[in-house]
2 protein chains.
Amino acid sequence: MKKAPTIRDVAAAAGVSVSVVSRVLNPDSGPVAPAKREQVLSVISDLGYRPRAAARELSAGHALTVGLVVTDLANPFFAQLADRVVWEARSHGVQVVVMTTQEDPHLEAESLDTLLDRSVGGVIATPTGGNIEKWDRLRDLGVNVVFVDRAIAELGDVDVVSIENSDSARRATDHLIALGHERIGLVTGPASTSTGRSRIGGYRAALESASIDIDPILVRDVPFRGDGGGDAVGSLLALPEPPTGLIVANTAQVQSSVRRLVQMGVRIPDDLSVIVFDDNPWTELTSPPLSVIRQPIGMLAVHSLELVLGRMQGRLPAGARTIEVKADFVPRSSCAAPARSATSKSATR
Amino acid sequence: MKKAPTIRDVAAAAGVSVSVVSRVLNPDSGPVAPAKREQVLSVISDLGYRPRAAARELSAGHALTVGLVVTDLANPFFAQLADRVVWEARSHGVQVVVMTTQEDPHLEAESLDTLLDRSVGGVIATPTGGNIEKWDRLRDLGVNVVFVDRAIAELGDVDVVSIENSDSARRATDHLIALGHERIGLVTGPASTSTGRSRIGGYRAALESASIDIDPILVRDVPFRGDGGGDAVGSLLALPEPPTGLIVANTAQVQSSVRRLVQMGVRIPDDLSVIVFDDNPWTELTSPPLSVIRQPIGMLAVHSLELVLGRMQGRLPAGARTIEVKADFVPRSSCAAPARSATSKSATR
DNA sequence: TACAAAAGTGGAACCGGTTCCACTCCGGTA
DNA sequence: TACCGGAGTGGAACCGGTTCCACTTTTGTA
């Protein structure tokens, strides 16, 4: 086990001082004579010298690292988000430390502390909704925070990147209405999240402008964790007047919801038209392939990172920014006109 | 933007020297009078002091961080692996830096350099197969390396954690043979990987002990990237004597392969019995639900991390270790006895 | 030719921890 | 009573970078 060379080894071998080597390493930090620069560069490559990140961080006070804090990576949405964030970060020479919260504020708090210890320059997160003070403290200490996919109402001045939640929900609802559906179920995220509320808003707006009465019993906000999606689906279909259309607008509950539909033997789209939020690798492999709202995950990642890095480098004006990107509606084969006598279908179950 | 307190602030406030504070922080590094210990702890909590990781790393020479180097996180297998690794790492107070290679040795090399700069204590990786010297250098510099899911033949003395590839392939093949299949297609990973070779080995062994001739044209080793799986499937089914059973033993190509089957309108299991390697969230949502070999991803993660941390703490004997965990065969509904006149089915296409 | 401004260089402090070592107290033993 | 060993403590060096500053050498302009 060898010892890696340090900047002083390089300086000695090149016959210059460490200052010069450092200036070669950081081109804008001062002048270096062209001849010496070549000299130093050649020694660096001979010795295979690489600057230790820890030393740089210590003296800079912050690391070229961003934390990515999401629920978990088993969820394809977060996995793909992480994939894109890691990819984008690499092209900027930034590393990503991934932490998961399992939607538990305690784990979230612990993650934030850890990231703080590491002096990360920024954090990209889907917040659980708790830890208001902790987020504040983090930002007080100079960590740049960007929320992605969700916002927290109590934290107003934070950068947020999300899709146009209200508009997306509205378009999904409009699509079902256009097919003739009037009873449309909505499974969404917790009403405590901005995302959940916006989607409910879009759903309502669509129904209202079609002059369809809103039946609150058709709207179910379920937590991100657990099997609430499946349960909501079961309960919706067990209603005396079950919905003929269903929108699953809770990314984390899509799988649970669809599994339940399959288990119950619900025929799609004959018994039920279905639209789900967020395109997974498998949504086109089910039968029938599912119509989806596709979140442009790459865009979310790019913008989040852009914001974090922009703030880290201080090249963004003060003031929180909210970026909303348009989501695509991808029609496949899971939607059709409702069966004639919608009400008689309660027997389906 | 405040300034976080340092160990010297704590020492001053507690009226002791930094040495004492450090010893309180690291209980086994020396004696501290109980009274002073309490004193210091109380100041620490008052000030909200947290030690900077960078400073510790600099003086320790290595970080409490492991690198996770995988193809990408869009693949559910790697995403779940990452999820479990991050989770396990947290419980040991270790952070995970995730990097992706896209199966490109250049990107892999770059990732390793970056991790080296960060002085990570260990790396868990699914190697691309290249960069032999680089891996060697990494280990020379004291970075503990564990390969997961694959090994590299040229690097003999590396810890490896994988499933029992040969045995798993054999069981899948046996299952199809028992149903009466004789022409069984195999889509596997590159023959340059240990994983690919072992699975082919298990497949052959099963056929041999059933006295079935091995037709090399039925075995396709395709790269992890690209759409090779779908193409292999298309080409297999276009054979004059197409297989009646298919094993997709390339985790990264399952989606591509199944998508092609769906597009071609192949009826499963009537036209073709299918077993795929690795249980995804969606394998039970397709119709019919797919029979799978389920990799115990949690086990892979636990063992990999166990090895890396064990080596980092020097509590493991020298000598590379190979851990193989058993994979489950999960029968669902994608396998049946072959149709009577197997040979006449070339018209199916 | 004279002198100010700019280019180039190296020494040394600094970032915030850890660790070695010298030193002061103790109590216990000869 | 003299001495030894260990608990407890603080000073200072060290890890490997960055950066400030003083200093020397150019270069350009009056």
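From a predicted model like this one, the values you see are computed outputs, not experimental measurements. Order of the sequence lines sets the chain letters (A, B, ...), proteins ahead of strands, with each chain counted from 1.
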Please output the side-chain donor-acceptor pairs of residues 130-137 of chain A that fall under 3.5 Å, not counting sequence neighbours, one pair per line with the distance.
unit_1: A/Asn131; atom_1: ND2; unit_2: A/Pro105; atom_2: O; d: 2.8
unit_1: A/Asn131; atom_1: ND2; unit_2: A/Glu108; atom_2: OE1; d: 2.8
unit_1: A/Lys134; atom_1: NZ; unit_2: A/Asp113; atom_2: OD1; d: 3.3
unit_1: A/Lys134; atom_1: NZ; unit_2: A/Asp113; atom_2: OD2; d: 3.2

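- An end-to-end axis angle of 50° holds for the helix from C/dT1-D/dA30 to C/dA30-D/dT1, taken from five base pairs per end and rounded to 10°.
- With sequence neighbours excluded, the residues satisfying side-chain contact (heavy atoms from CB on, under 4.5 Å) with A/Thr322 are A/Val160, A/Glu324.
- Residues passing the side chain to side chain donor-acceptor pair (under 3.5 Å) test with B/Ser162, sequence neighbours excluded: none.
- The pair B/Asp117-A/Arg56 does not meet the salt-bridge criterion, since no charged nitrogen lies less than 4.0 angstrom from a carboxylate oxygen.
- Here B/Pro51 lies in heavy-atom contact (under 4.0 Å) with sugar-phosphate atoms only.
- By the side-chain contact (heavy atoms from CB on, under 4.5 Å) test, B/Val120 pairs with B/Thr65, B/Leu115, B/Arg118, B/Val123, B/Val143, sequence neighbours left out.
- Both B/Ser59 and B/Ala33 lie close to DNA chain D; mapped to their nearest nucleotides by heavy-atom distance, the more 5′-ward contact belongs to B/Ala33.
- Take A/Ser29 and apply the side-chain contact (heavy atoms from CB on, under 4.5 Å) test, not counting sequence neighbours, and it matches A/Arg23, A/Asn26.
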Side-chain donor/acceptor pairs under 3.5 Å, residues 298-308 of chain B, sequence neighbours excluded:
unit_1: B/His303; atom_1: ND1; unit_2: B/Met299; atom_2: O; d: 3.2
unit_1: B/Ser304; atom_1: OG; unit_2: B/Leu300; atom_2: O; d: 2.5

Would you list the atom pairs, donor with acceptor, under 3.5 Å between side chains in residues 309-320 of chain B and any protein atom, with sequence neighbours excluded?
unit_1: B/Arg311; atom_1: NE; unit_2: B/Asp159; atom_2: OD2; d: 2.6
unit_1: B/Arg311; atom_1: NH1; unit_2: B/Pro317; atom_2: O; d: 2.9
unit_1: B/Arg311; atom_1: NH2; unit_2: B/Asp159; atom_2: OD1; d: 2.9
unit_1: B/Arg311; atom_1: NH2; unit_2: B/Asp159; atom_2: OD2; d: 3.3
unit_1: B/Arg311; atom_1: NH2; unit_2: B/Gly319; atom_2: O; d: 2.9
unit_1: B/Gln313; atom_1: OE1; unit_2: B/Arg315; atom_2: NE; d: 2.8
unit_1: B/Gln313; atom_1: OE1; unit_2: B/Arg315; atom_2: NH2; d: 3.3

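- Of the residues in residues 8-29 of chain B, B/Arg8, B/Ser19, B/Ser22, B/Asn26 come within less than 4.0 Å of DNA chain C through at least one heavy atom, sorted by number.
- Residues satisfying the side chain to side chain donor-acceptor pair (under 3.5 Å) criterion with B/Lys36, sequence neighbours excluded, are absent altogether.
- Each of B/Leu58 and A/Lys36 was matched to the nucleotide of DNA chain C holding its nearest heavy atom; the match closer to the 5' end belongs to A/Lys36.
- Scanning for side-chain contact (heavy atoms from CB on, under 4.5 Å) contacts around B/Glu103 gives B/Thr71, B/Thr128, B/Arg150, B/Phe224, B/Arg225, with sequence neighbours left out.
- Protein chain A touches strand DNA chain D; the 5'-most and 3'-most nucleotides with an atom under 4.0 angstrom of its non-hydrogen atoms are D/dG16 to D/dT19.
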